[in-house]
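Side-chain atoms are counted along with the backbone in the values below, which use heavy atoms only and exclude waters and symmetry mates. Whatever order the structure lists them in is the order used to number ligands and atoms, beginning at 1.
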Amino acid sequence: MKLFAYSKQNELQGAVADTASARTAQQGADIRYIAGGTTLIDLMKLNVETPDKLVDITGLPLDKIETTSDGGLCIGAMVRNSDLASHPYVQSHYPVLSQAILSGASAQLRNKATTGGNLLQKTRCVYYRDTAFACNKREPGSGCAAIDGDHRNLAILGTSEHCIASNPSDMNVALMALEAQIVIEGKDGKRIVPIADFYTLPGDTPHIETVLVPGDLITHVIVQGLAPGARSLYLKLRDRASYEFAVSSAAVIVEMHGDTINDARFAMGGIGTKPWRVAEAEQIIKGKRGGADGQATFKAAAARLLQGARPLKENSFKVELAKRCLVHALTTVSS
Ligand code: SF4
């Protein structure tokens, strides 16, 4: 592991200023915030991440879960994954979020990992994590070992000829379906970015994964209130029952009127370079019958969501698996 400088900040403005000013003074020095460290420390040990300085933000007062006036949630970026998943209001009003978090990692990791850090979770592409291999995300311009290598668990949607890495987070899939808003404090003040605009596609710059710029700090995640009686569910398909990343997953939310689906939102994980949501797919099932009667429309919605998939040799099975995952989740939640 490369030697690095360290500072701890207990005030928001101080943390942003520390990071922003240090970048200027050191002309592009790699400075990172650190909270739970469940991704960053791992990658530093592997020499995949080699920051010059870490700014510890565990002292910032961002560890609250609060309800908003519309019945939604304001989640501090420092809220631990385990605390968010077990919060009574989250469990009763947003089961999709609680289920998604509890389906990921281990209890020990969830006790350390934070909401802000989970949003920035790094891909599990094996070549990204091994400096012996070419990887455009780790070292821009070096190539992509995964395209002709082991890519079974990588993405089939949103890929480019430069990177096919999948977003590994479960929480992010639920937040995409919930249309979360990301609150960011930066050098020029506060801004709010819808999660749909937060992640960038790899294109020819796979090392850029979000709209964050140097100095930006995620402070909160806002989730709007759901209609009374809204139902939600997270379904995760994986190679083993626990401590495993999704091969395909679906976060689904429906508002029912009798047997009819009044409104629906869903996103999928394990298949995209970012949590994947397609509004046109949701339109297909709105106003249609749910449960077992909805099979034909659910299949049509799944086909629309997977439209444009570009599978490779080892992950072509994901196209059909993802369709079945979504159809099963929609059937279950609307029954
Ligand atoms: Fe790197 Fe992306 Fe290729 Fe994996 S898929 S080796 S992360 S460029």
Which of the atoms of ligand 1 are close to [X], meaning less than 4.0 Å from one of its heavy atoms?
X: N136; result: 1 (Fe), 8 (S)
X: Y127; result: 6 (S)
X: Y128; result: 7 (S)

Query raised in the report: Would H162 count as a contact of ligand 1 if the rule is a heavy atom under 4.0 Å away?
Result: yes
Query - Cluster check F266, V96: I/L/V/M/F/W/Y, side chain < 4.5 angstrom - result: no
Query raised in the report: Going by distance alone, is a donor N or O of one side chain under 3.5 Å from an acceptor N or O of the other, for Q13 and E185?
Result: yes
**Report entry** Side-chain donor or acceptor of R138 paired with backbone N/O of F133 under 3.5 Å
**Finding:** yes
Query raised in the report: Is C125 close enough to atom 3 (Fe) of ligand 1 to have an N, O or S atom under 2.8 Å?
Result: no
Look at [atom] and say which protein heavy atom is nearest, naming residue and atom and giving the distance to 0.1 Å.
atom: atom 3 (Fe) of ligand 1; answer: C144 SG, 2.3 Å
atom: atom 2 (Fe) of ligand 1; answer: C163 SG, 2.4 Å
atom: atom 1 (Fe) of ligand 1; answer: C135 SG, 2.3 Å
atom: atom 5 (S) of ligand 1; answer: I164 N, 3.3 Å

Beyond-backbone contact of [X] with [Y], side-chain heavy atoms, under 4.5 angstrom:
X: K53; Y: D18; answer: yes
X: V247; Y: D239; answer: yes
X: V221; Y: I195; answer: no

Requested in this report: Flag the pair D52 and K2 as a salt bridge only when some basic side-chain nitrogen lies within less than 4.0 angstrom of an acidic carboxylate oxygen.
Outcome: yes
